[in-house]
Structure formats: C-alpha cells, structure tokens
Amino acid sequence: KGFASGLAVMGYGAGGLVATPTCQMLLRKFSSMPTYYGDKENAVTVIENGILYAAEIYDTGDLVATSTQVVYAGAAELATLAPDLSPGYYIVNSGSTGICETFLCLGIGYGLIIATGALNFKLPSQVSLHSETSLKKRNSIECNKQVPNVIEKSNSVMPTEALKTPQFWILWLGVGLNSSAAYSIIASGKTMMMETFGNILPDIVTTTFAGWYVAMISASNLSGRLLFSSLSDKIGRKLTFHILWGSCVPLYLIIPLSIHWLADMGSSIAPLVIFYTSSLLIISCMGATAATFPAYIADLFGSKYVAAIHGQVLSVLIPAGFLGPFVVSSLRERALTTAIQDLASKISPEVFEVAFGKSHSHLPELMKAKVVTINRLMDILPADTMDPTIFIYDETMIVMSIFHVIASGVHFVFMRPVHARHFINASDSKRIQA
C-alpha cells in the first residue's frame, strides 16, 4: 500500500530532473548581460531617496542625478553569478535573466503535453466493459464465499468524523511543519549555497553546479517517495514517520555547522559534501512524507474515505507554502542587517564617507540601495576580518529544526489508534449516503 502510493506520486519528484536542464538551456538562450557603467573609482553616482543613480558633474561643480539607476556588483558576487563580468556599477534593467521567455516556452510546452494527453483519453469499448464487469462479479462471488460478511466488517471513518479525532490534527500538524521546513530548503538552498560556499569555493560552486543541485533536489524527492514508502510496508507507518521527522532535527543543525567548518577548513570540499548530503536528505524526507501519509491515513481511518481525508490534510500545505519561505527570508534579512551594521561600525566615519559618499547616519538608505553590502564592507576592512556571511542562516536552520522537534515529539507522544467510536461499518455509510 505504501509503495503503491509512492509510485503514484513519484512524478512530482521526478519532474525537476527534466525541468532543470530544460530551464538552464532556455535561460542561456534568452538571457543577456547588463550594461557596464564604470568601476567604483571612476563612476559618478548619487543616492536619492534610497536609490542609487548615475550622476553628472556640471561645470559649476554640482553633482546632479540622471534618470539611470545603477547597482554595484563586487568580485565575490560576480564570481558565482557571472564570472566573465568585471566588478563595478551596472545599469539597472539593462540586461535580462530570460525568465519571462523561459516561462512562456515552458507554458506552451506544458499546454501541448496536457492537450495531447487529453485528446488521447478514450472511453473503453463495450467488449472491455463487459469483460471487466464479468471479472468484478466473479471476484465478488469468490470473496463472499471465502470471507463471509466482509462488507459488514469493513470499518472506516467518515471525513467529517475524522476532523474530530486527535490523530487527524497530529498528522495535519506534522505534515505542515515538515513541509514548511522543507520548502525553506527548496526556496533558499541554492541561494544559501552560492552565498556561503560560492565565495570560498568559486571554482566548484558555479552557476552550473547550483543548477544541478536543484536537479538533485528533485531526484532526492523522488528517491524518498519510493524508498520510504516501500519501507513503511515492512516496518509500519508510525515508525516510518518517527524516522522521517526525527532525523530531520540533526540534519537541519548540521547545515550551519558545515558552513562554519568551511570557514575553519579553508578550501576543503568536505563541508560542501556535508551540506549537499544533509539538504538532499531533508528533501528526501519531505518526499517520503508526501508519498507515505495517504497509506498512513488508510491505516488510521480505513480505506473507504482516504481521498477525502487526504484532501483535508493537504489543506495545511497552503499556510506551509507561505510560512517556510517567509521565515527564511525574514530571518535572513534580519541577520544581513545585523551583520552589515556590525561591519560598518568597525569602519571609521572618514573612511566610510569616502567609500560610500555618505556618513554612517545614512546606512539604512545605503543598504536599501544595495550600495553597502557585506562584500563591499569586507573589501574595506582588514583581511583578517571574519566574514559574517557564514552565520546568516544559523537562526533559520535552528528554527527549522525546532519545527521538526515539535512534529516528531507530538507524533511520538500522542499518536494512538483511532478510537472505535469514530468508526462506522460499510452498510451504515451506504445508508448515510442514501
């Protein structure tokens, strides 16, 4: 039962294996590089209302902003994004990522595939219907002979009754917390790897490497669906969920530790391997949860209303899809702000004003305009200054591990078989439906 449900939904995990190389190919075709404005020594810029503009110097010596917005990209940022470009200022909106064209092509391709599949759906012939009806009738007679009163003894829980059980809400909470945490890796895993490992291992962590990391996320999703759904048939669904949710706690904590080890070990790839493996195992556990919990629902509530109860549990994915990325982005921005403020405080007011054209009091404005970044501050500070980028995701991963502590703890302590009073037999359900 678990393997069957995993096999049915494995396409969700396998889709990325096809989509990732396709998207990379389309992005390379449609993308274009931004226009270079100048380096930080020679380019003339001015900040107005928190926005960085290219500027002109009049004969009178006045500095006047033009309508052209620019942004600064340092060597560390370009090394992982566009290594062929030179550090300096670039005109905003002068290049293109190719995202719009790529999604247009993907939408057209998806529409053609769906239309082709829909046009090939056909009703079975009368001969097939007659054969299938005869087979069902014969099987029904044989089953009734071998197992008398099988219909009367078949118990299930109605969807409305399932909402009154603690087992439903334990499963709902666990699936929601597991999905929220996993979505944080899906949404920010690539960015996290580029920001942390890209600066220290630029020859390994390239845009191509990051693209294949996204493909491996899909492969891990797929493998988790097949492996753990099959395993649950042998060791039981409850123990499987203990393993899935409990193992994610150390996996999330290992991710920031691997980034810290990278800072200590220099150019060693061992921390990268640890990060890579941990994050993919997390996604594997998410895929396994999605594939296995329909069978878990059947074990808890009976098989008659699995589809309806499954849909009710899936309602948690709406807040989970928002919560995970929101927590990641909020905690990341807070950590970035704290790190930039700490680095800026180590720079003398005179040096800061020469480098950025504004005093320390304008730091929030400069941060909003992306003029002051961690990379630019690190260029000014002494070489032995600790790069705070490695600490940006610490709090986020700790929160994600807490999510799984709650999910696995509640499941371990409170999950019990559904009480008999919630069950109705099949004959009663037919009478209710009638």
Side-chain angles (χ1 to χ4, degrees), residues 9-36 71 73-87 90 92-114 116-117 182-225 255 259 269 272-273 275-284 286-287 321 324-325 328-329 332 375 389 393:
V9 297
M10 72 175 185
Y12 180 85
L17 296 175
V18 178
T20 297
T22 303
C23 289
Q24 288 180 337
M25 177 191 69
L26 294 173
L27 288 172
R28 284 194 299 268
K29 180 176 179 60
F30 295 116
S31 63
S32 60
M33 294 296 105
T35 302
Y36 185 69
V71 64
E77 296 164 319
L78 294 174
T80 55
L81 299 175
D84 296 334
L85 298 180
S86 301
Y90 288 85
V92 176
N93 295 328
S94 60
S96 173
T97 59
I99 289 291
C100 293
E101 297 86 348
T102 297
F103 271 93
L104 177 61
C105 293
L106 291 176
I108 293 173
Y110 177 79
L112 291 175
I113 293 172
I114 294 299
T116 302
Y183 288 152
S184 70
I185 296 294
I186 294 174
S188 64
K190 178 181 176 181
T191 303
M192 190 189 314
M193 184 172 60
M194 297 291 285
E195 287 183 343
T196 54
F197 292 91
N199 291 338
I200 300 177
L201 302 172
D203 296 332
I204 298 176
V205 184
T206 61
T207 52
T208 302
F209 182 88
W212 281 109
Y213 170 73
V214 175
M216 290 306 299
I217 285 178
S218 298
S220 299
N221 194 341
L222 169 63
S223 62
R225 290 168 185 266
I255 288 178
I259 299 173
I269 66 170
L272 177 61
V273 173
F275 171 88
Y276 207 91
T277 305
S278 300
S279 59
L280 294 184
L281 285 174
I282 288 170
I283 300 302
S284 179
M286 184 205 75
V328 171
S329 60
R332 177 182 176 274
N375 289 326
T389 304
Y393 292 96

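No hydrogens, no waters, no symmetry mates; every other heavy atom, side chains included, goes into these values. All figures in this text were calculated on a predicted structure; none of them were measured in a lab.
Across all non-hydrogen atoms, the minimal contact from Tyr36 to Ser86 is CE1-O, 3.8 Å. Minimum heavy-atom separation, Gly321 to Tyr183: CA-CD1, 3.5 Å. The shortest heavy-atom contact between Val214 and Lys190 is CG2-CD, 4.0 Å. The two atoms that bring Ser184 and Val328 nearest to each other are CB-CG2, 3.1 Å, heavy atoms only. Scanning both residues, Ser223 and Ser284, for their nearest heavy atoms gives OG-OG, 4.1 Å.
Residues passing the side-chain contact (heavy atoms from CB on, under 4.5 Å) test with Leu281, sequence neighbours excluded: Leu251, Thr277. When the side-chain contact (heavy atoms from CB on, under 4.5 Å) test is applied to Tyr110, the partners found at least two apart in sequence or on another chain are Ile114. In terms of the side-chain contact (heavy atoms from CB on, under 4.5 Å) criterion, residue partners of Ser279 (sequence neighbours excluded) are, by chain and number, Ile185, Tyr213, Ile255, Phe275. Ile113 pairs by the side-chain contact (heavy atoms from CB on, under 4.5 Å) definition with nothing, not counting sequence neighbours.
Open room surrounds CD1 on Ile269; 12 or fewer heavy atoms of other groups in view lie less than 6.0 Å from it.
Counting only heavy atoms from C-beta outward, the side chains of Leu201 and Phe209 never approach each other to under 4.5 Å.
Of the inter-residue distances, the one linking Ile99 atom CD1 with Leu104 atom CG reads 12.5 Å to the nearest 0.5 angstrom. From Ile259, atom CD1 reaches atom OG1 of Thr389 across 10.0 Å, with rounding to the nearest 0.5 Å. Between atom OG of residue Ser218 and atom CG of residue Leu280 there is a gap of 10.0 Å, rounded to the nearest 0.5 Å. Within the model, atoms CD1 of Ile282 and CD1 of Ile217 stand 10.0 Å from one another, a figure rounded to the nearest 0.5 Å.
Sorted pairs that involve residues 205-221 and meet salt bridge (Lys or Arg N to Asp or Glu O under 4.0 Å), not counting sequence neighbours, are lacking altogether.
Among Met193, Met194, Glu195, the one residue that satisfies the side-chain contact (heavy atoms from CB on, under 4.5 Å) test with Thr191 is Glu195.
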Atom pairs and distances, side-chain donor-acceptor, residues 21-32, under 3.5 Å, sequence neighbours left out:
| residue | atom | partner | partner atom | Å |
| --- | --- | --- | --- | --- |
| Thr22 | OG1 | Val18 | O | 2.7 |
| Ser31 | OG | Leu27 | O | 2.8 |
| Ser32 | OG | Ser96 | N | 3.2 |

message = Go through it in stages, so that I can follow the logic: the residues are Ile186 and Met286, the test is side chain to side chain contact (heavy atoms under 4.5 Å, CB included), and I'd like the CA-CA distance, side-chain angles, deciding distance and then a yes or no.
response = CA-CA 11 Å; Ile186 294 174; Met286 184 205 75; 4.1 Å; yes

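Using modelled atom types, one side-chain atom of Thr116 and one backbone atom of Leu112 make a donor-acceptor pair closer than 3.5 Å.
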